[in-house]
Amino acid sequence: MSRDPYLIDSHKMIYHPDRAARVLAVNKEWERAKTIYPIYMEIAPVGACNHRCVFCAVDYIGYKSVRLDYDLLALRVPEIGRLGVKSIMYAGEGEPLLHKDMAKIVTMTKAAGMDVSITTNATVLPPGFVEHALADLSWLKVSINAGTAATYAALHQTKESDFDKAVANMTAMARHKRDHNLGCTLGAQILLLKENYDEIETLARICRDEIGLDYLVVKPYSQHLFSETQRYKEFDYQHFISYGESLSHWSTDKFSLIFRGHTMKKFTADDRYKFCYSVPFLWGFIMANGTVSGCSTFLLDKRFEYGNINEQTFQEIWEGEGRRKGFEFVANELDISECRVNCRMDEINRYLHQIDTQSVPHINFI
């Protein structure tokens with residue numbers, strides 16, 4: 001079986017019962033919803049990216065050369081923490097490590113009392129990142145979607161030498177973690193595609209035996225609603241679900257091969273919830289231009305945009321008119337069939353739906 005100590009193929013909402021109870025008690029009333037802040041947020045430090053991956057969900061945004069200034073983040077991020085947000089992942093529509101102040105951003109976020117993580121392609125490391133940021137990260141995950149340089153270059157649409165750069169940078173981070181006994185979890189992920197499925201074991205060997213990572217995630221592609229790329233829209237994962245069993249031998253007591261078979265099964269599930277419980281409550285997204293959005297599936301969709309941190313405080317945005325309108329739209333008008341299948345909040349929505357509908361018999365016989 002796939003070893004998943006981080007619950008990557010599941011959810012961790014069960015550890016936040018107070019926030020779950022508040023969301024379920026809203027009952028479409030804005031005054032109850034107004035002060036429910038996210039548990040988790042994603043922030044895009046930069047809009048630019050040094051790769052043009054053939055599967056990129058946010059290619060439609062255009063990889064714009066915009067960035068969030070450190071001084072602005074140093075104002076807004078501590079505020080976000082004071083308002084009750086517990087964690088921030090730096091990723092977004094660009095490559096976060098292209099931001100030269102990324103080490104300072106990480107340490108500042110941690111000092112503000114929040115857990116910090118990064119998703120990156122790891123082909124570039126900003127100054128001081130390994131030495132200063134790694135100790136303050138809960139985890140860092142590298143998107144590396146092949147086991148060979150040639151396939152990597154074709155899928156990431158970059159030079160083959162970037163594969164070696166990514167491996168070298170991951171190795172440097174893993175070595176620094178071991179040498180300084182750091183708690184940061186270091187992992188990698190690969191989208192299972194027709195071009196790379198036969199290189200998963202090669203990548204697993206590199207991650208486990210050469211680099212010394214903590215895990216490798218094998219995940220399915222999910223078509224974004226607005227993506228320009230449609231290359232994998234019809235890709236069928238059902239005949240790959242059993243593939244996870246043949247990969248399980250790569251897991252050890254120090255390394256996990258996490259095959260997201262549960263997520264793959266849900267592509268054909270017919271038990272989906274009827275509306276979104278998570279937006280605009282449990283998570284949020286800040287784009288590299290400062291726009292605050294309630295859902296990464298609908299970036300640039302005005303119905304999900306609440307304001308901009310360049311112009312207002314986060315509290316003014318989250319408790320303001322833009323979010324109120326967004327809340328009422330999701331509560332009364334959003335057609336869940338238009339949403340991205342297997343979105344980031346899917347498991348949490350399923351969990352809250354189960355509680356809300358009391359779909360398990362004899363619930364009082366605990």
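This chain uses plain numbering: 1 for the first residue, then up along the sequence. Bear in mind the structure is a predicted one, so any value in this text is a computation, not a measurement.
Under the salt bridge (charged side-chain N to carboxylate O under 4.0 Å, His left out) rule, Asp214 has a single partner from Arg208, Lys141, Lys254, Lys177, which is Lys177. Under the salt bridge (charged side-chain N to carboxylate O under 4.0 Å, His left out) rule, Asp9 has a single partner from Arg3, Lys266, Arg260, which is Arg260.
Aromatic ring centres of Phe329 and Phe327: separated by at least 6.0 Å. In summary, the aromatic rings of Phe235 and Tyr221 are positioned with their centroids too far apart to meet the 6.0 Å limit.
Formation of a donor-acceptor pair under 3.5 Å by the Thr107 side chain with backbone atoms of Ala103 is found in this model. Not one N or O on the side chain of Asn121 forms a donor-acceptor pair closer than 3.5 Å with the backbone of His51.
Shown here are the ring pair (Phe, Tyr, Trp, His ring centres under 6.0 Å) partners of Tyr40, two or more places apart in sequence or in another chain: there are none. Taking Leu24 as the reference, Tyr277, Leu352, Ile355, Asp356 meet the side-chain contact (heavy atoms from CB on, under 4.5 Å) condition, with sequence neighbours excluded.
Summarising the geometry, atom CZ belonging to Arg76 is positioned 12.0 Å from atom CG belonging to Asp71; distances are rounded to the nearest 0.5 Å. Note: His156 NE2 to Phe55 CZ = 4.5 Å, rounded to the nearest 0.5 Å. Rounded to the nearest 0.5 Å, atoms CG (Asn342) and CZ (Arg272) are 8.0 Å apart.
In this pair, Phe226 and Tyr60 present their aromatic rings perpendicular. The plane angle is above 60°, beyond the 30 to 60° band.
Nearest heavy-atom pair, Leu140 versus Cys184, reported as atom, atom and distance to 0.1 Å: N-SG, 4.1 Å.
Using a cut-off of 4.0 Å between Lys/Arg side-chain N and Asp/Glu carboxylate O, Arg350 and Asp346 are scored as salt-bridged. Between Arg324 and Glu328 there is a salt bridge, since a side-chain N of the basic residue sits under 4.0 Å from a carboxylate O of the acidic one.
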Legend entry - Tyr152 and Asn145: CA distance, side-chain angles, deciding distance, side-chain contact (heavy atoms from CB on, under 4.5 Å) verdict: CA-CA 6 Å; Tyr152 177 90; Asn145 295 281; 5.8 Å; no

Inset, instruction - Show the numbers, then the answer: is there a side chain to side chain donor-acceptor pair (under 3.5 Å) between Asp59 and Thr229? - result: CA-CA 8 Å; Asp59 53 4; Thr229 179; 5.0 Å; no

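Geometrically, Arg52 engages Tyr63 in a cation-pi contact, judged by NZ or CZ lying under 6.0 Å from the ring centre and within 45° of the ring axis.
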